[in-house]
Amino acid sequence: MLTGMGCSFDEWYNITQALGETNRVVMFHRPGLGESEISNEVRNTEAVVEELNDLLSVLGVIEQIILVDHSYGGLCVQHFVKSYPKKVAGIVLVDSTSVDLEELDTLDLPVLDEDETDKIWLEKCKTYASMEQEQLRGIVNPTLSEKLNLVPKEIKQRLLDFQVRPSLYKAMYSEISNWKQDAKVIKSLETTLHVPLIVIGRDKEFSIKMEAQSGLPEEKLRIFEEKWQELIIKQGKISNNSIIVFARSSSHSIHIDRPDIFIQSVSDIVNKCT
């Protein structure tokens, strides 16, 4: 399982507990995330592909694997499966970042872009990466959602600490700096895939409703969400053996909002591969 940008694998605690009863589940924090150290190397999807390949070798995994992801992790999965198609038995993409993510930049949405452009995030990450952890804690003021507050105490603390590590923002700075070029590289890897693929997308109407509560204009949110859904549907073309599912009552964090759909999708892929 590959997590999203700036996300901890501890968000998946309940899911991994459930799937781990009948499957071998492997998760890892990319350099800079959690306790994984980071130096000055470039953080891009190619680096993640080789790190995952090396990890499989170290663990002695020789059988084909099922790749599961969320968000930016999906971009990494798309790169991996095109680089090592024979190592992959199946894929579950969970509201994955699209290789056509630049299309989102063409939308005329200045109200939504005020705090969300790559430039703004890069500036924020650069500033946060230079801070001490306790200084960062006062600025970020880490909190957990209602559902994540239900995990065991030690997991909750790890999730809170995860958000205030300067190394997290150093990693994010590099990932954001490179992800659009990464997308172009992935698109250039023309590989015909036949593996079972389930693409899970968020609930467009639910997401619009939730975001509108913060005061953002619904008509602008709808433009963005319709484009996002279009890009999710296009991901079904990654394999000629794909299914597209939209998880009702879910935001981008489908693994938190609708773990039942996620677990069922992984189980469906496992069954197809056995």
Side-chain angles (χ1 to χ4, degrees), residues 1-13 15-94 96-97 99 158 162 165 167-168 170-172 174-175 178-179 181-198 238-239 241 255 262 265-267 269-274:
M1 291 187 181
L2 280 77
T3 63
M5 186 180 293
C7 296
S8 169
F9 56 48
D10 283 319
E11 291 182 1
W12 300 71
Y13 175 79
I15 287 174
T16 55
Q17 291 295 107
L19 291 175
E21 293 180 2
T22 53
N23 303 276
R24 183 184 186 187
V25 179
V26 177
M27 301 192 75
F28 71 102
H29 276 150
R30 299 185 294 276
L33 279 62
E35 296 184 10
S36 295
E37 296 179 353
I38 186 172
S39 57
N40 293 317
E41 74 269 21
V42 174
R43 299 305 313 154
N44 58 18
T45 57
E46 182 179 3
V48 178
V49 166
E50 296 312 316
E51 287 158 1
L52 176 55
N53 194 45
D54 289 345
L55 178 61
L56 295 174
S57 179
V58 169
L59 295 176
V61 177
I62 57 175
E63 63 269 37
Q64 287 185 312
I65 61 173
I66 294 173
L67 287 170
V68 181
D69 66 83
H70 173 239
S71 195
Y72 173 78
L75 201 61
C76 300
V77 162
Q78 292 172 64
H79 200 157
F80 186 94
V81 73
K82 287 192 173 186
S83 300
Y84 298 102
K86 293 182 179 180
K87 294 191 176 187
V88 180
I91 309 169
V92 180
L93 294 176
V94 184
S96 170
T97 301
V99 293
R158 289 213 306 253
F162 180 91
R165 292 179 181 271
S167 61
L168 168 65
K170 182 177 182 179
M172 288 177 62
S174 190
E175 289 175 348
N178 292 295
W179 67 344
Q181 180 58 35
D182 291 340
K184 293 177 181 178
V185 171
I186 297 167
K187 287 185 72 173
S188 72
L189 301 175
E190 297 182 3
T191 303
T192 301
L193 301 175
H194 309 285
V195 296
L197 163 67
I198 296 181
I238 293 172
S239 172
N241 184 12
H255 59 297
F262 176 84
S265 295
V266 174
S267 297
I269 290 291
V270 171
N271 290 335
K272 286 185 177 183
C273 296
T274 56

Derivation of the side-chain contact (heavy atoms from CB on, under 4.5 Å) call for E51 and V48: CA-CA 5 Å; E51 287 158 1; V48 178; 4.3 Å; yes
[atom2] on [Y] to [atom1] on [X], rounded to 0.5 Å:
X	Y	atom1	atom2	value
D182	T45	CG	OG1	3.5 Å
I91	S239	CD1	OG	6.5 Å
D54	L59	CG	CG	11.0 Å
K170	S39	NZ	OG	6.5 Å

Here the side chain to side chain donor-acceptor pair (under 3.5 Å) pairs for residues 1-13, sequence neighbours left out, are S8-H29, D10-R158, E11-H255
So side chain to side chain donor-acceptor pair (under 3.5 Å) across residues 58-76, not counting sequence neighbours, yields S71-H252
Verify, without hydrogens or angle tests, whether [X] (side chain) and [Y] (backbone) share a donor-acceptor contact under 3.5 angstrom.
X	Y	answer
N53	V49	no
T97	L75	no
K187	V99	no

Looking at every non-hydrogen atom in both residues, tell me the closest pair between [X] and [Y] and how far apart they are.
X	Y	value
E41	P31	OE2-CB, 3.5 Å
L56	I65	CD1-CD1, 3.7 Å
A171	L33	CB-CD1, 3.9 Å

When V25, I15, V92 are each screened for side-chain contact (heavy atoms from CB on, under 4.5 Å) with V266, the one that passes is V92
